[in-house]
Amino acid sequence: MLDIRFIRENAEAVKTAMRNRNADVDVDAVLELDSRRRAMVTEAEELKAERNRISKSIGLMIKEGKDPEEIKAQVREMGDRISSLDEELRQVDSKLRDGLLFIPNMPSATTPVGKDETANPVVRSWGEKKTFDFTPKPHWDLGADLGIFDFERGAKIAGSGFPLFKGRGAKLERALIQFMLDLHTEEHGYTEIAPPFMCNATAMTGTGQLPKFAEDMYNVPLDGLYPIPTAEVPVTNMYGNEIIDQELPILHTAYTPCFRREAGSAGKDTRGLLRVHQFDKVELVKFTTPETSEAEHEKLTADAERVLQKLGLHYRVIELCTGDLGFSASKCYDIELWAPAQDKWLEVSSCSNFKDYQARRANIRYRDENGKPAFVHTLNGSGVALPRLVIAIMENNQNADGSIDLPEVLWPYMGGLKKLV
RNA sequence: GGAGAGGUGUCUGAGUGGUUUAAAGAGCACGCUUGGAAAGCGUGUGUGCGUUGACGCGUACCGGGGGUUCGAAUCCCCCCCUCUCCGCCA
């Protein structure tokens with residue numbers, strides 16, 4: 001969330017930013033709550049100061065054997081006023097917090113201003129489109145023929161969008177996860193985390209999924225838990241309500257399954273692995289100082305790209321414009337893989353710098369050079385998500401006979417298998 | 001799921017209704033002392049919010065939330081977490 005003091009002092013800039021985001025936010029209503037709240041706090045605290053003084057004197061009177069009943073009655077009235085003021089204050093406070101929780105992050109100064117995804121500039125690309133001397137098949141046909149997944153049975157037991165991998169398909173999932181985790185821990189300096197796959201509402205609020213995107217989340221109301229939509233939630237919230245005393249930056253990587261209801265996407269990208277309710281992902285998460293977060297953002301993006309380079313897959317990096325930027329992000333690069341049978345680019349990673357937005361929501365701090373507590377900057381990106389990665393591997397590496405060549409870096413993880421036949 | 005014991009500041013640890021403004025010790029920082037160090041001595045050492053140009057002042061915070069009271073770390077209620085034992089169980 002944004003600092004209320006920042007909003008107070010930069011109201012016009014905030015309003016402009018919200019317009020650029022196409023976000024419908026009533027900044028003035030929040031400012032009004034803020035000024036009401038401060039007036040009430042001052043009044044309540046003055047009363048409390050007086051009550052504390054008098055209560056102390058009552059203690060003395062009793063000790064001296066005087067009768068305090070008259071003063072007690074007087075303070076009792078004061079207490080009633082304080083109680084009702086506190087109650088009112090609680091309400092204003094929670095309204096203000098709710099208001100703040102629905103205001104998205106400020107786009108960074110370098111984020112291009114634009115209306116929607118059509119305004120996202122391509123930053124760079126790697127490799128080139130593969131040419132085929134036959135018509136490349138979509139991954140769902142290839143996979144069904146090879147028997148490496150069985151979406152019908154997945155749908156039978158959980159519903160559509162819950163993919164079921166089988167045999168070498170299941171092993172390929174495991175191999176890719178292991179390959180990516182090894183790369184990030186051994187070559188990029190990340191510490192691996194195996195976190196809980198469910199989080200409470202506080203954690204979901206800390207990273208920005210709640211309260212606004214409740215409909216996108218699965219939830220288990222009986223226990224107040226949410227199956228995680230991304231490892232970002234548990235791994236970022238690891239340090240919630242802490243003043244981190246380790247040296248920054250902290251780099252974490254984590255494999256988790258991810259669960260998304262995809263509300264509002266019904267009927268879109270329904271075939272195969274394009275858009276599913278459950279998928280595997282290796283995530284990269286960083287905690288940095290404000291001074292280093294921009295450089296760490298570039299490095300994090302490069303770490304994700306390295307996965308695709310090692311796998312030999314053609315990709316491009318785009319930067320999200322203000323109109324397409326995620327709620328909590330200040331700056332974001334999407335990495336997209338080319339899928340020849342789909343004839344389109346598929347997003348496999350969103351690498352975001354959240355600045356202090358999540359840190360303020362989750363209360364994650366460090367001590368700055370003066371020893372004063374300050375909010376960290378949080379960053380994350382997929383490194384990378386599996387379904388579309390599997391699509392790209394299958395569709396790009398297919399042969400005319402329906403077999404699929406496996407990238408060389410995966411051979412050791414596939415027990416020496418070089419080809420899916 | 002049942003029974004019990006706990007949760008106090010950076011740490012250890014006291015505190016069961018009123019100068020507690022959370023004792024004491026350790027740690028840490030600074031200063032004195034010293035040829036230098038250690039020891040010793042002295043001073044300081046939390047977070048949020050409000051207010052202020054600033055120094056500061058006020059307020060809240062002893063796992064979390066409510067309540068009783070003029071006044072709560074302390075009494076009452078609910079919840080969370082940790083440990084021990086029992087039950088169940090991969």
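To find a chain, count down the sequence lines: A is the first, B the second, and so on, and within it residues start at 1. Here the structure is a predicted model, which is why all the values come from computation and not from measurement.
- Of the P atoms belonging to B:A90 and B:U82, the separation is 22 Å, rounded to the nearest Å.
- Pair check for B:A72 finds none; no Watson-Crick or G-U wobble contact set falls under 3.5 Å.
- With both ends at atom C1', the span from B:A5 to B:G58 equals 40 Å, rounded to whole Å.
- Which of B:U59, B:C49, B:G46 sits closest to the side chain of A:Val41 comes down to B:C49.
- Taking for each of A:Ile71 and A:Asn52 the nucleotide of RNA chain B with the nearest heavy atom, the 5'-most of the two is the partner of A:Asn52.
- In this structure, the CD1 atom of A:Ile243 is 20 Å from the P atom of B:C28, given to the nearest Å.
- Remark: B:G36 base-pairs with no nucleotide; criterion is Watson-Crick or G-U wobble with both hydrogen-bond distances under 3.5 Å.
- In this structure, B:C85 and B:G2 make a Watson-Crick or G-U wobble pair, each of the two defining distances being under 3.5 angstrom.
- Environment of CZ in A:Arg275: crowded, with over 12 heavy atoms of neighbouring residues, nucleotides or ligands closer than 6.0 Å.
- The side chain of A:Glu45 approaches B:G50 more closely than any other nucleotide in the set B:U21, B:G71, B:G50.
- Regarding A:Asp86, its CG atom lies at a distance of 13 Å from the P atom of B:G65, rounded to whole Å.
- For the pair A:Lys48 NZ and B:A72 P, the interatomic distance rounds to 11 Å; values are reported in whole Å.
- When rounded to the nearest whole Å, the span between CG of A:Leu100 and C1' of B:G48 equals 16 Å.
- Between the P atom of B:C70 and the CG atom of A:Leu47 lies a distance of 16 Å, rounded to the nearest Å.
- Put simply, CG on A:Asn241 is 12 Å from P on B:G48, counting in whole angstrom units.
- B:U19 and B:G71: their P atoms are spaced 15 Å apart (whole Å).
- Rounded to whole Å, the separation between the C1' atoms of B:C79 and B:G17 comes to 25 Å.
- Where A:Pro373 and A:Arg90 each meet RNA chain B at their nearest nucleotide, the meeting point lying more 5' is that of A:Pro373.
- Taking atom P on both nucleotides, B:G9 is separated from B:A14 by 13 Å, rounded to a whole Å.
- Residue A:Arg76 places at least one side-chain N or O under 4.0 Å from the OP1 or OP2 atom of B:C70.
- Ring geometry, A:His188 versus A:Tyr190: the interplanar angle exceeds 60°, so the pair is classed perpendicular (tilted spans 30 to 60°).
- For the P atoms, the distance linking B:U10 with B:U45 amounts to 14 Å, nearest Å.
- Closest to the side chain of A:Ile58, out of B:C70, B:U47, B:G50, is B:C70.
- No contact: A:Asp245 has no heavy atom under 4.0 Å from any strand.
- Closest to the side chain of A:Ser55, out of B:G48, B:G18, B:C49, is B:G18.
- Between A:Tyr333 and A:His297, the distance from one ring center to the other falls under 6.0 angstrom.
- Between atom CD of residue A:Glu296 and atom OG1 of residue A:Thr288 there is a gap of 6.5 Å, rounded to the nearest 0.5 Å.
- If you check every strand for non-hydrogen atoms under 4.0 Å, A:Arg53 touches nothing.
- Using bins of under 30°, 30° to 60° and over 60° for the plane-to-plane angle, the ring pair A:Phe162/A:His277 lands in the tilted bin.
- Taking atom CE on A:Met61 and atom P on B:G18, their separation rounds to 18 Å, with Å as the unit.
- Atom CD in A:Glu46 sits about 14 Å away from atom C1' in B:U52, given to the nearest Å.
- Side-chain proximity of A:Arg51 to the nucleotides B:A60, B:G48, B:U21 is greatest for B:A60.
- Spacing between B:G46 and B:C11 at atom P, rounded to whole Å, works out to 14 Å.
- Using P as the reference atom, B:U68 and B:C61 are 15 Å apart when rounded to the nearest Å.
- The aromatic ring centroids of A:Phe327 and A:Phe213 lie less than 6.0 Å from each other.
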Is there a salt bridge (charged side-chain N to carboxylate O under 4.0 Å, His left out) between A:Asp28 and A:Lys15 once you walk through the steps? CA-CA 9 Å; A:Asp28 288 325; A:Lys15 287 176 190 174; 3.0 Å; yes
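- Base-pair partner of B:C30: B:G42 (Watson-Crick or G-U wobble, both distances under 3.5 Å).
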